[in-house]
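Residue indices begin at 1 and follow the sequence shown.
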Amino acid sequence: MSLLMTAILFAFIGAIVFSLIGLISGTDETAVMVPLTLLVVLLGAPPAAIFSFFMAAVLAKHLTHAVPTALMGIPGDTTAVPLIDHANTLRRMGMPHIALRKMLSGGIIGAFIALPTAVLLGQFLGQFADFFKSSAGIIFTIAAVLIAFFSQGRWVSVLMIIPFAFFIKSLDMISFSILDKHLAISFFLGIAIGPMFSDILIATSSSARRAIEKNEPKKYQLAPETNMWKGFFPNPLKILSGEQKLFTAITTFISSLTFVFSPVGMTSLMGEIVGSRTKGAYKKSTTSLAVMNGVTESTYIAETIIPLIAFGIPLSPVALGPASPLFNAPPVFTIDPVNNLHTYLTSWEFFLYGAIGLIVAALIAYPFTMNYARKASVLVMKFISQEAIVAMFIGLACLLAFHEGQVVGIVLTFTVAAVGGLLNRILGIGAGVQFMVFYASAWIMLTMFGI
């Protein structure tokens with residue numbers, strides 16, 4: 001099979017799988033994308049196919065996450081949280097289907113603006129790649145401080161950088177003494193599944209369980225399904241007004257350039273800026289939703305592509321989280337020395353195979369969601385257990401951790417998951433901060449303690 005057909009096949013798989021995952025509310029991007037992307041990498045897929053798979057996964061996930069967000073008023077994933085208020089406004093007006101269409105159309109526009117923008121900026125920044133690679137340790141540390149400061153936890157996130165680095169380095173030294181090799185996959189699997197695993201720990205605690213106990217199941221009201229277009233594939237440019245298309249194009253372009261900031265933060269910021277300049281509850285909510293879902297797509301795509309093309313090391317929140325297997329998945333990909341997609345693909349190939357992933361995902365996820373959102377929501381709510389999804393991804397994490405470090409890898413993964421997950425859930429120290437500290441820990445400990 002030719003490389004082009006292989007890339008299309010993997011994009012198709014990514015689009016199908018993550019279109020379905022996106023329908024399940026509360027699925028964290030890092031927790032679901034890291035294990036599945038790692039699996040694709042470790043199974044030996046060609047670099048171009050891996051990239052197409054990931055790009056299709058990103059777009060598909062962030063299109064279908066609009067379904068639970070708009071129709072049920074519960075965030076489809078972490079980046080959908082800022083959209084909830086505007087989605088609920090339209091639900092109260094009896095127009096959740098309008099919210100859904102605006103979100104989907106904004107996401108499509110944002111994705112296809114972000115791809116060429118990110119490739120061009122990555123090429124430009126590539127001139128400074130040697131500096132970034134030689135100074136990776138201190139850059140990771142500074143970035144950890146900045147991301148921590150601008151995160152939800154803020155000061156506690158900053159204060160916990162050194163203790164968490166000490167914790168990571170200690171586990172690394174213990175595992176090295178047993179296996180005579182450094183583990184990487186097990187660490188970021190632990191950080192990725194941490195929030196899910198912490199929920200399980202809380203549920204098993206007789207004292208902490210009271211905070212999450214529910215006396216009766218939640219009830220959701222779904223609006224009737226209405227189509228206002230002809231054919232199977234509605235034109236996203238006709239769904240949005242001229243002003244909404246302009247705002248979406250401008251904000252997604254800007255957010256594609258700011259690749260070092262949190263996607264959730266940029267989504268909230270751009271939504272607030274546009275919302276404050278739009279009058280009327282209906283117009284404000286529909287415009288903000290289009291813009292914010294467009295920014296969700298653009299940040300994820302740009303924050304993956306720019307560090308890959310320019311540096312080969314993960315210098316963005318997305319690169320440190322969901323996209324981390326594209327940079328570091330030993331023994332296939334490594335960052336020290338740099339031997340990953342940065343090494344194997346040219347800028348033109350990033351554009352070509354990225355476009356394949358986005359086009360395949362758009363052809364699958366966009367019309368599926370626009371035409372069958374309500375039916376899919378009913379099936380998910382009735383027949384798919386949230387607990388089963390959590391168990392599936394934790395099981396996959398066990399498989400990958402065992403592949404890297406046998407029983408030691410599994411124990412290390414769940415140790416990191418327990419500590420990192422509770423820090424995330426209780427103190428608000430996000431996965432992006434934890435990933436950045438993981439990469440900075442070697443330099444921090446060497447500088448402070450000489451180890």
How about F51 and Y353: are their ring centres within less than 6.0 Å of each other?
-> no

Full working for side chain to side chain contact (heavy atoms under 4.5 Å, CB included) between M292 and M103 = CA-CA 8 Å; M292 293 168 87; M103 291 168 66; over 6 Å; no

Side-chain donor/acceptor of N340 to backbone N/O of I335, under 3.5 Å = no

Hey, is the main chain of G110 close enough, under 3.5 Å, to the side chain of T252 for a donor-acceptor pair?
-> no

Which atom names give the shortest non-hydrogen contact between G420 and Q434, and what distance separates them?
-> O-NE2, 2.9 Å

Parallel, tilted or perpendicular, as decided by the 30° and 60° cut-offs, for the rings of F53 and F10 | perpendicular

Where is the tightest heavy-atom contact between L3 and P46, given as atom of each residue plus distance?
-> CD1-CB, 3.7 Å

Check for a donor-acceptor pair, side chain of T204 on one end and backbone N or O of L201 on the other, with a separation under 3.5 Å.
-> yes

Would you say the ring centroid of H342 lies under 6.0 angstrom from that of F311?
-> no

Less than 6.0 Å separating the ring centroids of F414 and F197?
-> yes

If you draw a 6.0 Å radius around CD1 in I162, do more than 12 non-hydrogen atoms from other residues or ligands fall strictly inside?
-> no

For the student: nearest non-hydrogen atoms of L63 and L104, plus distance | O-CD2, 3.0 Å

S255 and S298: side-chain donor and acceptor closer than 3.5 Å?
-> yes

How are the rings of F164 and F167 set relative to one another: parallel (under 30°), tilted (30 to 60°) or perpendicular (over 60°)?
-> tilted

Exam field: side chain T64 to backbone S19, donor-acceptor pair closer than 3.5 Å = yes

